[in-house]
Asks: 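Take a look at this one; I'll ask things after.
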Amino acid sequence: MNRAMIVSADPAEAALIEQTAQIEGFGSVAVIAGGSEARRLIGGESAPDLIVICTPLRDEFGQELAEVAAEETSAGIILICHAEIADELADRLSDYGVAVLARPVSREALSRDIRLLSANLSRMSGLKESPEVLGRIEEIRVINRAKSALMKYLKFTEPQAHRYIEKQAMNNRQTRREVAEHILAQYEK
């Protein structure tokens with residue numbers, strides 16, 4: 001693990017995060033100011049191992065970028081936001097595995113979270129070889145995309161979307177993945 005991406009419109013905050021990432025062993029650190037450029041790099045061949053998003057960005061808030069990054073990469077993701085909305089965002093992003101930190105962020109807290117994500121990703125890299133684990137990860141991604149579609153189009157909360165998928169699976173004697181794929185077929189045309 002040695003590539004990091006910092007997405008921040010604030011150069012001072014980006015510099016602090018860049019220094020901390022380098023101290024924690026990330027040799028290659030890209031600093032980007034906007035979500036659209038970050039999306040382009042996330043989809044590229046050399047995807048980062050760590051992504052730190054400091055909200056708000058130039059062209060978007062940053063929550064959707066974190067969701068996209070979680071779905072498309074195996075990177076550890078940290079979202080930094082104002083303290084007033086940190087708990088709400090942490091609830092929304094918990095299914096995506098995104099760590100949320102409230103401002104002001106101390107170097108120690110940031111360093112701790114980077115180390116924790118690095119350790120978890122190192123541990124998970126050994127598990128990714130298993131076809132069962134890869135299948136389960138893909139299933140979780142499909143279900144999370146379906147939850148996002150329900151939240152976007154039907155204005156469900158995350159718990160309501162989760163319960164809806166669970167209930168449909170029980171009522172129709174289907175797996176959660178089958179229900180999620182049906183939802184995605186309806187809303188992602």
Side-chain angles (χ1 to χ4, degrees), residues 1 3-5 7 35-36 38-53 55 57 60-81 85-101 113-114 116-189:
M1 175 176 288
R3 290 182 309 271
M5 176 190 298
V7 189
S36 57
R39 277 184 174 78
R40 190 173 43 77
L41 292 175
I42 285 170
E45 292 177 12
S46 59
D49 302 304
L50 172 70
I51 301 171
V52 181
I53 302 167
T55 65
L57 304 175
E60 66 178 276
F61 179 70
Q63 175 187 345
E64 288 181 5
L65 175 62
E67 292 169 359
V68 167
E71 289 176 349
E72 294 184 8
T73 72
S74 60
I77 303 166
I78 299 173
L79 184 109
I80 299 173
C81 63
I85 59 172
D87 287 338
E88 179 184 340
L89 283 175
D91 288 341
R92 288 183 185 173
L93 295 171
S94 64
D95 283 345
Y96 292 93
V98 176
V100 177
L101 291 175
D113 277 14
I114 291 172
L116 181 62
L117 286 172
S118 297
N120 283 336
L121 289 172
S122 294
R123 194 169 147 239
M124 294 298 292
S125 66
L127 295 175
K128 278 192 168 183
E129 303 300 320
S130 165
E132 298 90 26
V133 173
L134 290 174
R136 180 73 178 128
I137 289 170
E138 182 58 29
E139 176 183 339
I140 290 169
R141 285 184 175 159
V142 169
I143 291 169
N144 283 339
R145 282 187 23 234
K147 285 182 193 178
S148 293
L150 290 171
M151 291 164 53
K152 181 177 180 180
Y153 295 108
L154 299 180
K155 306 299 182 211
F156 282 10
T157 63
E158 194 279 332
Q160 287 172 326
H162 179 80
R163 174 135 172 79
Y164 178 82
I165 292 172
E166 292 279 328
K167 188 133 178 80
Q168 289 297 312
M170 286 190 307
N171 290 346
N172 298 330
R173 295 177 188 237
Q174 294 178 314
T175 65
R176 293 182 314 152
R177 183 177 183 150
E178 290 170 334
V179 171
E181 287 171 345
H182 178 69
I183 291 167
L184 291 173
Q186 270 186 299
Y187 295 106
E188 287 189 352
K189 293 179 181 178

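Keep in mind it's a predicted model, so treat the numbers as computed, not measured.
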Asks: How far does NZ of Lys155 sit from NZ of Lys152, to the nearest 0.5 angstrom?
Replies: 8.5 Å
Asks: Can a donor-acceptor pair be found, under 3.5 Å and without considering hydrogens, that links the side chain of Glu178 to the backbone of Thr175?
Replies: yes
Asks: Which value, rounded to the nearest 0.5 Å, describes the distance between Ile78 atom CD1 and Leu93 atom CG?
Replies: 13.0 Å
Asks: Using the side-chain hydrogen bond (donor to acceptor under 3.5 Å, both in side chains) rule, pick out the option among Glu181, Gln168, Glu166 that qualifies with Arg176.
Replies: Glu166
Asks: With the threshold set at 4.0 Å, does a side-chain nitrogen-carboxylate oxygen contact exist between Glu158 and Arg92?
Replies: no
Asks: To the closest 0.5 Å, what do you measure between OG (Ser148) and CD1 (Ile143)?
Replies: 12.0 Å
Asks: Whether the side chain of Asn172 engages the backbone of Val179 through a donor-acceptor N/O pair (distance < 3.5 Å, no angle test) should be reported.
Replies: no
Asks: Can you tell me how far apart CD1 (Ile140) and CD (Glu71) are? Round to the nearest 0.5 Å.
Replies: 12.0 Å
Asks: Could you tell me whether the side chain of Leu154 reaches within less than 4.5 Å of the side chain of Tyr164, counting heavy atoms only?
Replies: no
Asks: Begin from the C-alpha positions of Ile85 and Phe61 and carry the test side chain to side chain contact (heavy atoms under 4.5 Å, CB included) through to its verdict.
Replies: CA-CA 12 Å; Ile85 59 172; Phe61 179 70; 3.5 Å; yes
Asks: For residues Gly35 and Glu60, report the shortest heavy-atom separation together with the two atoms involved.
Replies: CA-OE2, 3.4 Å
Asks: How long is the span from the CD1 atom in Ile183 to the CZ atom in Arg145, to the nearest 0.5 Å?
Replies: 11.5 Å
Asks: Any idea which heavy atoms bring Ala75 and Leu50 closest together, and the distance?
Replies: CB-N, 4.1 Å
Asks: Which class fits the ring pair Tyr187 and Tyr153: parallel under 30°, tilted 30 to 60°, perpendicular over 60°?
Replies: parallel
Asks: Measure the OG1-CG distance between Thr157 and Leu150 for me, rounded to the nearest 0.5 Å.
Replies: 10.5 Å
Asks: Looking only at non-hydrogen atoms, find the nearest pair between Met151 and Phe156 and report the distance.
Replies: CG-O, 3.2 Å
Asks: Is there a side-chain contact between Arg177 and Glu138, using heavy atoms and a 4.5 Å cut-off?
Replies: yes
Asks: Would one find more than 12 heavy atoms of other residues, nucleotides or ligands at under 6.0 Å from atom CD of Glu64?
Replies: no
Asks: What do you reckon, is CG of Asp91 surrounded by more than 12 foreign heavy atoms closer than 6.0 Å?
Replies: yes
Asks: State, to 0.1 Å, how close Ile42 and Ala69 come at their nearest heavy-atom pair, and which atoms those are.
Replies: CD1-CB, 3.7 Å
Asks: Thinking salt bridges, do Arg136 and Glu139 make one under a 4.0 Å N-O criterion?
Replies: yes
Asks: Looking only at heavy atoms, which two atoms of Cys81 and Leu89 are closest? And how far apart?
Replies: SG-CD1, 3.7 Å
Asks: Check Ala146 against Ile165 and note the closest heavy-atom contact, atom names and distance.
Replies: CB-CD1, 4.0 Å
